[in-house]
There are 2 protein chains.
Amino acid sequence: MRVFLKIEYDGTNYSGWQIQPNGNTVQAEIERALKALTGEEISVTASGRTDSGVHAAGQVAHFDTESAIPPERFAAALNAILPCDIKIIESKLAPDGFHARFSAKKKTYVYTMYESDFPRPLLSRFAAKVSYKLDVSAMQDGASHLLGEHDFSCFLATNSSVKDTVRTIYRAEVIKEGELIRLYICGNGFLYNMVRIIAGTLVKIGSGKILPEEMKKIIDGKERSAAGMTMPPEGLTLLSVDYE
Amino acid sequence: MRVFLKIEYDGTNYSGWQIQPNGNTVQAEIERALKALTGEEISVTASGRTDSGVHAAGQVAHFDTESAIPPERFAAALNAILPCDIKIIESKLAPDGFHARFSAKKKTYVYTMYESDFPRPLLSRFAAKVSYKLDVSAMQDGASHLLGEHDFSCFLATNSSVKDTVRTIYRAEVIKEGELIRLYICGNGFLYNMVRIIAGTLVKIGSGKILPEEMKKIIDGKERSAAGMTMPPEGLTLLSVDYE
């Protein structure tokens, strides 16, 4: 049977999702727990990788098993083995033909920032420090140009070799929540480092270095160098993955 | 001169505020940083201790120094030396006769909880897990009995030897904020473990074990055994200390 998993993790102490020769990863922890539970060598497939230090509130993954454990029971059974910073929110029988990566229709990320001259002890684990005062309404204006289908090669990490750089963005909202400034972004897919580069471009807008309208020119220009910096991983959380 | 400090810390990795023979403490880290900065052996006095694992968004402390460093500059200078989980939010010349502990008029704490059967990776650093479904409105009803001046010996940790157990509570509010349930409590002072025992008593009310009206009887009865459990430290944050 194929089992569906919804996973929450604090990525601070992991080298991302995907198994690496060096460094501990979320995938490795879950596969180790599955081995302990079932005795099987199980490979877990996620909706996509998350980078080193990136968090997830709702990563989705699947695995195939011969185990007689009822699929709903995997969550509690794995949680008893997994470390505190990785937990299974839900497990269930995957629908027919389900594939965590290929069946995914939409993903939603949140990128969280705060304004400060020094790292804030109560915020810095799940949010990135920005040393500028940010104009949230200008950032929202800039973000609105992301909506719709575009070639987003301007936000593609320079070391990526991906060919198809066209994606559709359904939601791009910048919201002030107390001391935090959050970018909620939902799309049919994201290029490598895309959300972190968009966040960096919005910081350029929010700090007044460029105007909100520049966002459209940056997208149309397709030049990585015109966009902002890649913001640090601790601010990024994969919120949810939507399927049919 | 006497310098006023406002301090934020993530208490996870500390044995509380006060210097201990074993275990690292927030006070020890700040005194070590002051020594490195000024060369003086400086003793720092806080508004009160916080226990092992308890956090602060606005702890207040003072120290006396012969240093020629302008008082406003201590924050940035100390932050360059302090670890990431302890930072000085503000430093300034203390008003005449100021004493961080004896001049304090009010303290505000927040106790944060979430409902779950397993520790949540994105919440568990700054909030306590409660395995019951909680009725927030019943908790608020119970909390309302805390307001005003009372003998709070029912909430006094059994190993405490304090004599005067009368305190005045100015605010006691239970609020649902997304997945979190928060108790905001402000008073002219708190007994040892008092906020954590109040939180435990509110959990008894919220989970339906006792009625909200029981809170009044528990206070009047002055018996520690009638109140709830001492909730874990990670849920507790000292928000602010008010002076004249």
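Numbered from 1 within each chain, the chains take letters A, B, ... in sequence-line order. Below, all heavy atoms of this structure are taken into account, side chains as well, without hydrogens, waters or symmetry copies.
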Heavy-atom count around [X] [atom1] within 6.0 Å, excluding the residue itself: above 12?
X	atom1	answer
B/R73	CZ	no
A/E177	CD	yes
A/R32	CZ	yes
B/R49	CZ	no
B/Y170	OH	yes
B/R101	CZ	no

What part of [X] is in contact with chain B, defined as an atom under 4.5 angstrom from a non-hydrogen atom: side chain, backbone, both or neither?
X	answer
A/L122	both
A/R125	side chain
A/S116	neither
A/A75	neither

How close do B/C84 and A/P121 get, counting heavy atoms only, and between which atoms?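 Heavy atoms only, the tightest pair is O-CG, 3.6 Å.
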If contact means a heavy atom pair closer than 4.5 Å, which residues of residues 1-27 of chain A contact chain B?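 The list, in residue order, reads A/E8, A/Y9, A/D10.
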Name the region of B/I88, side chain, backbone, both or neither, that has any atom closer than 4.5 Å to a heavy atom of chain A.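 Backbone of B/I88 only, per the 4.5 Å heavy-atom cut-off to chain A.
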